[in-house]
Amino acid sequence: MVEPAHPSRLLLLDGHSLAYRAFFALPVENFSTTTGQTTNAVYGFTSMLINVLRDEEPTHVAVAFDVSRATFRSEKFPDYKANRTSSPDEFKGQVGLIKDVLEALHIPVFEKDGYEADDVIATLAEQAQAEGLDVLICTGDRDAFQLVNDQVTVLYPKRGVSDLTRMTPEAVYERYGLSPEQYPDYAALRGDPSDNLPNIAGVGEKTAAKWVVQFGTLDDLVARVDEVKGKAGDALRAHLGQVLTNRQLTELVRDIPLDTRVDDLARQSWDREQVHQVFDALQFRVLRDRLYQTLESAEPEADEGFEIDPVRLDAGEVAGWLAEHAAAGHRVGVSIRGSWSRGTGEVTEVAVASDDGEGGWFEPASLTPDDDAAVAAWLADAERPKVFHDAKGQLHALLARGWTVRGVAADTALVAFLALPGQRSYDLADLVLRFLGRELRAQAADAAVQLSLDGGDEEQLGRDETIRARAVLDLAHSLDGELANKGGRRLFDEVELPLVGVLASMEQIGIAVDTDHLRSLESSFADAVAQAADDAYDAIGRRDVNLGSPKQLQTVLFDELAMPKTKRIKTGYTTDAESLADLYAKTQHPFLEALLRHRDVSKLRVTVEGLLNSVADDGRIHTTFGQTVAATGRLSSTDPNLQNIPIRTDEGRRIREAFVVGDGYESLLTADYSQIEMRIMAHLSEDEALIDAFASGMDFHAVTASRVFGVGADEVTPAMRAKIKAMNYGLAYGLSSYGLSRQLGIEVAEAQKLMDEYFETFGGVRDYLSAVVERARMEGWTETIMGRRRYLPDLTSDNRQRREMAERMALNAPIQGSAADIIKVAMLGVDRALREERRASRLLLQVHDELVLEVAPGERDDLEALVRREMGAAYPLRVPLDVSAGIGRTWQDAAH
DNA sequence: AGTGTGACGTA
DNA sequence: CGTACGTCACACTT
């Protein structure tokens with residue numbers, strides 16, 4: 001690190017004033033977390049902080065906050081700031097969050113009883129000047145202008161949060177025609193409505209400034225007050241006492257006793273872990289990136305680098321390298337450069353880093369046959385451990401090159417997911433930064449500088465990739481301990497890691513589609529969309545409305561047609577299907593009917609178009625499963641999402657007809673768990689009545705209804721069953737009586753009564769649900785049957801909305817997550833059994849509680865038995881795991 | 001061009 | 001004012 005050429009610089013920020021500015025500059029509705037916490041002031045403040053740190057590169061930093069309204073000023077002058085209505089609750093809650101941010105950044109915070117932030121700033125500024133530092137003061141309070149001199153500059157927000165004016169002595173003179181020393185005299189004369197300092201009627205900025213310029217100082221003005229002519233002069237004389245009080249209040253105190261030395265304000269390295277936590281909680285993604293970009297370069301300890309000297313492995317050298325450094329005893333980090341998606345890929349470069357410290361890279365395109373064979377043998381050898389970061393895509397690329405991989409000993413993205421579920425991303429660079437305290441990117445940049453002399457892009461990319469491989473190896477080591485602490489070892493070794501291969505295979509195989517059928521659906525849905533649009537336009541007598549625009553619909557419905565208002569949302573009133581149906585019931589307006597139809601068929605058309613665009617050359621659709629996405633442990637499916645193919649309506653189900661058995665296979669088989677979540681609830685709660693209900697093997701909702709209502713099984717009416725069904729489904733989500741009443745269209749009191757009756761029958765369920773939340777509050781996390789944790793810090797939040805949200809998550813996570821554990825085990829069981837029994841049938845899809853398989857000729861009955869057996873035996877619950885299965889030519893035909 | 005929002009599909 | 005996701009179009013910001 002080169003010593004900065006400029007002198008030391010202290011940056012002082014007025015926390016309250018800047019946060020308050022930000023609060024009013026940034027629209028509240030645009031800045032809130034998904035849990036409802038408003039963050040506009042935190043965002044604005046942090047954004048300003050980052051910008052100033054970046055632009056000014058201060059060597060010392062501190063932030064001052066006001067403590068309370070009571071200061072020496074309010075004692076002297078009870079009206080001081082008395083006009084201020086108490087700041088909005090939405091603001092108050094954010095001050096603590098700002099302090100959290102500052103704590104994570106290791107920036108000292110000052111609060112002094114009886115004084116304002118400005119006084120603390122004046123005092124620190126005075127001390128710093130005495131020690132020869134330059135001072136920058138960032139505040140929205142103009143009183144600070146009195147501190148400006150050649151050494152002290154005030155950065156004053158002009159408007160918003162991104163535009164700061166530099167107030168130097170020259171700038172103060174330009175703006176007010178006064179010197180900084182004269183500013184408080186001027187301010188006292190002018191008064192300040194925001195501080196409730198009274199002004200003099202008829203004396204505004206112009207007159208106040210004129211007087212100060214004319215008389216030099218307020219003291220001189222007072223001494224010669226009789227010389228002031230005119231009405232303004234009379235007014236001044238009448239209010240002289242007031243002006244003098246103002247002057248006392250405006251003067252900043254520069255000598256508060258503070259037991260701090262300027263040295264204590266020197267910038268420190270920041271707490272990466274805590275920054276992550278705080279920014280995660282605030283859901284500041286872009287800001288965090290900006291922060292890293294800004295601060296990383298200034299971080300002296302950030303970049304220790306990796307102990308590796310990457311070497312290019314030329315043709316003929318690879319086999320030897322692998323024999324020496326990737327033998328059975330060696331763990332090797334692997335990082336592939338290339339591309340992959342939709343179940344296939346391409347390798348352009350392979351980087352390897354052995355645990356003996358050696359590492360290098362090679363290009364598969366330029367291998368000798370011997371090298372190629374050695375690579376293939378190494379990758380395929382289960383006894384030679386390899387470590388990847390997010391292996392699945394790289395496995396696709398390697399497989400496409402003809403290399404099968406066995407012996408994946410760890411996947412750092414997966415380990416990180418188990419240790420820290422609920423993160424947005426498990427980017428390698430972020431994890432390396434967080435767990436190893438090293439900077440992957442800076443390292444790469446350094447390498448680039450060195451190598452621009454002798455290398456070239458090729459060389460640089462190879463070195464970068466090798467460093468990644470080394471980082472993966474180190475990270476795996478570091479995360480091992482993390483995982484052990486959190487009890488996720490078995491879940492990782494026995495479920496998540498082996499599942500990678502199964503998912504890779506499912507993605508690679510894909511599912512066959514009937515594109516003709518899809519095209520025919522597309523055209524019929526398109527016709528239906530056009531028809532619905534015509535009907536809608538006829539109903540309102542104009543066509544210049546975009547039916548897909550909620551904003552334009554709001555105008556039509558609520559302004560032009562003056563329909564009753566629906567539920568309020570951020571942007572006005574909702575136009576969601578439920579509300580539109582509601583409006584239709586009230587108004588019978590034909591536009592609504594057509595609009596709802598338009599929504600339905602548009603959605604279907606778009607779904608079909610998406611699917612058509614995803615069909616690969618082999619006539620199949622290859623989705624990508626996400627294994628580190630859902631915090632509960634479920635898989636996700638993208639590009640395209642095959643876990644949300646319509647099923648509820650007849651028209652929607654026609655799309656399922658397009659998923660068909662592929663050439664060379666006999667049919668599709670679907671198998672799903674019945675009521676797996678309620679079964680897990682029965683297991684976890686150990687509620688005898690619920691366990692009995694499942695043991696009876698009868699219609700679950702009917703049985704529970706008969707128990708709740710105390711009638712015989714044959715006396716359960718459809719209405720009773722429907723109510724209890726809604727209750728059964730809602731339980732695992734933390735359903736409230738309000739929610740239940742809305743869903744069933746009944747009064748809240750009636751819904752509450754229903755819940756009470758339910759819990760009277762199934763008391764164990766109620767006890768379990770309260771216990772699970774209570775335990776999570778104590779421990780900080782929930783746990784599934786296989787020990788998958790979910791951390792829920794918001795359970796102890798003071799914010800009711802956040803806390804209750806976290807409580808519902810705590811109810812749901814063990815149930816949804818245990819179901820996810822179980823079906824993952826089932827998938828592994830099915831996969832293993834298929835291989836052991838040498839079946840040609842294969843797994844294609846997983847849809848949370850359902851598996852879809854392609855049945856090889858002649859395997860139909862055996863396969864069904866195999867799948868039922870493996871799914872049913874995946875995990876021994878206190879109730880049976882009931883599996884229902886169906887077989888057919890299409891996904892729809894295989895429904896059961 | 002990138003981001004946020006509303007709406008809606010699934011379990 | 002039930003959970004977990006992904007995708008799309010629109011509207012807005014940069």
Side-chain angles (χ1 to χ4, degrees), chain A residues 27 29-32 34 36 162 283 285-286 421-422 546-554 566-567 569-580 595-596 598-611 613-614 623-626 629-649 651-653 655-656 672-677 726-743 748 751 755 769 782 790 792 800-801 804-817 819-820 823 845-850:
Chain A
E29 53 272 18
N30 294 359
F31 293 87
S32 59
T34 51
S162 50
Q283 298 171 5
R285 205 186 60 230
V286 176
N546 183 341
L547 298 176
S549 162
K551 196 175 167 231
Q552 295 183 34
L553 288 177
Q554 282 177 24
T566 55
K567 191 174 64 176
I569 53 173
K570 279 186 189 175
T571 54
Y573 299 94
T574 180
T575 65
D576 67 13
E578 191 191 340
S579 304
L580 293 183
L595 181 57
L596 281 164
H598 185 265
R599 280 261 176 86
D600 279 350
V601 284
S602 301
K603 179 82 180 175
L604 291 170
R605 185 190 60 183
V606 163
T607 303
V608 171
E609 284 169 354
L611 291 173
N613 286 331
S614 314
T623 186
T624 301
F625 289 104
V629 178
T632 52
R634 274 191 178 176
L635 298 179
S636 74
S637 161
T638 58
D639 191 28
N641 183 355
L642 295 186
Q643 290 180 323
N644 72 342
I645 302 303
I647 194 171
R648 293 191 214 275
T649 65
E651 278 175 316
R653 278 192 292 271
I655 299 177
R656 292 199 168 217
D672 61 52
Y673 286 117
S674 329
Q675 290 112 19
I676 187 168
E677 298 202 341
M727 182 81 208
N728 281 332
Y729 274 118
L731 268 180
Y733 303 144
L735 187 64
S736 65
S737 54
Y738 176 85
L740 186 61
S741 76
R742 281 207 36 173
Q743 193 178 332
V748 175
M755 290 180 75
L769 291 174
T782 62
R790 179 167 189 188
L792 294 164
R800 200 179 71 143
Q801 199 181 342
E804 290 180 345
M805 176 70 133
E807 286 170 358
R808 291 191 294 273
M809 292 174 176
L811 289 183
N812 177 251
I815 295 171
Q816 190 184 118
I823 196 159
L845 300 177
Q846 186 253 46
V847 190
H848 307 309
D849 67 356
E850 172 187 8

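In what follows, chains carry the letters A, B, and so on, assigned in the order in which the sequence lines appear, proteins first and then strands, with residues in each chain numbered from 1. Everything quoted here is computed from the prediction, not taken from an experiment.
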Answer yes or no: is there an ion pair linking Glu609(A) with Lys603(A), defined by an N-O contact shorter than 4.0 Å? no
### Task
For Ile823(A) and Gln846(A), run side chain to side chain contact (heavy atoms under 4.5 Å, CB included): C-alpha distance rounded to whole Å, both residues' side-chain angles, the deciding distance at 0.1 Å, then the answer.
CA-CA 9 Å; Ile823(A) 196 159; Gln846(A) 186 253 46; 3.3 Å; yes
Tyr733(A) has its side chain closest, among dT3(C), dT10(B), dT5(B), to dT3(C)
Base, sugar-phosphate or nothing for Leu642(A)? Non-hydrogen atoms, less than 4.0 Å.
nothing
Original post:
Does a donor on one side chain and an acceptor on the other come within less than 3.5 Å for Thr574(A) and Thr566(A)?
Top reply: no
Would you please say whether a donor-acceptor pair under 3.5 Å links the side chains of Ser737(A) and Arg742(A)?
no
Per atom distances to the Lys570(A) side chain, the nearest of dA7(B), dG6(B), dT10(B) is dG6(B)
From CD of Gln675(A) across to C1' of dA11(B) the rounded distance in Å is 13 Å
Taken in chain and number order and not counting sequence neighbours, the residues that satisfy side chain to side chain donor-acceptor pair (under 3.5 Å) with Thr624(A) are none
B/S/- along nucleotides 4-9 of chain C (protein heavy atoms under 4.0 Å) is BSBSS-
| said: Need one value for Thr574(A): base, sugar-phosphate or nothing, where a base atom within 4.0 Å counts as base even if backbone is also close, heavy atoms only. | reply: sugar-phosphate
Where do N or O atoms of nucleotides 12-14 of chain C meet protein N or O atoms at under 3.5 Å, pair by pair?
residue : atom : partner   : partner atom : Å
dC12(C) : OP1  : Lys551(A) : NZ           : 2.8

Atom OH of Tyr573(A) and atom P of dG6(B) are separated, to the nearest Å, by 14 Å
Across the strands shown, which category fits Ser737(A) at heavy-atom distances under 4.0 angstrom: base, sugar-phosphate, nothing?
nothing
Please determine whether a side-chain nitrogen or oxygen atom of Thr575(A) lies at a distance below 4.0 Å from atom OP1 or OP2 of dA7(B). yes
Would Gln554(A) and Thr571(A) satisfy side chain to side chain contact (heavy atoms under 4.5 Å, CB included), going step by step from the backbone distance to the final call? CA-CA 9 Å; Gln554(A) 282 177 24; Thr571(A) 54; 3.8 Å; yes
With the side chain defined as heavy atoms from C-beta on, Arg648(A) is closest, among dC8(B), dC10(C), dT10(B), to dT10(B)
**Polar contact flag, side-chain donor to acceptor under 3.5 angstrom, Gln816(A)-Thr632(A)** = yes
Between CD of Glu804(A) and C1' of dC1(C) the distance, given in whole Å, is 9 Å
To the nearest angstrom, the CG-P distance between Leu547(A) and dA7(B) comes to 14 Å
Atom NZ of Lys567(A) and atom C1' of dC1(C) are separated, to the nearest Å, by 9 Å
> With a 4.0 Å cut-off on heavy atoms, is Gln552(A) in touch with a base, just the backbone sugar-phosphate, or nothing at all?
Replying inline: sugar-phosphate
Worksheet entry | N or O in side chain of Thr607(A) less than 4.0 angstrom from dG9(B) OP1/OP2 | no
Glu578(A) atom CD is separated from dG6(B) atom P, nearest whole Å, by 16 Å
Distance between the P atoms of dG2(C) and dG4(B), in whole angstroms? 26 Å
Note: Thr649(A) and Gly652(A) closest approach over all heavy atoms is OG1-N, 3.0 Å
Checking dT3(C), dC8(B), dA11(B) against the side chain of Arg808(A) (C-beta onward), the nearest is dT3(C)
Base, sugar-phosphate, or nothing for Ala577(A), non-hydrogen atoms under 4.0 angstrom? sugar-phosphate
Interatomic distance, OG1@Thr575(A) vs NZ@Lys567(A), rounded to 0.5 Å, equals 11.0 Å
Rounded to whole Å, CD1 of Ile569(A) lies from P of dA11(C) at a distance of 13 Å
> Is it the case that Asn641(A) and Thr638(A) place a side-chain donor and acceptor less than 3.5 Å from each other?
Replying inline: no
Whole-Å distance, His598(A) NE2 to dC8(B) P, equals 13 Å
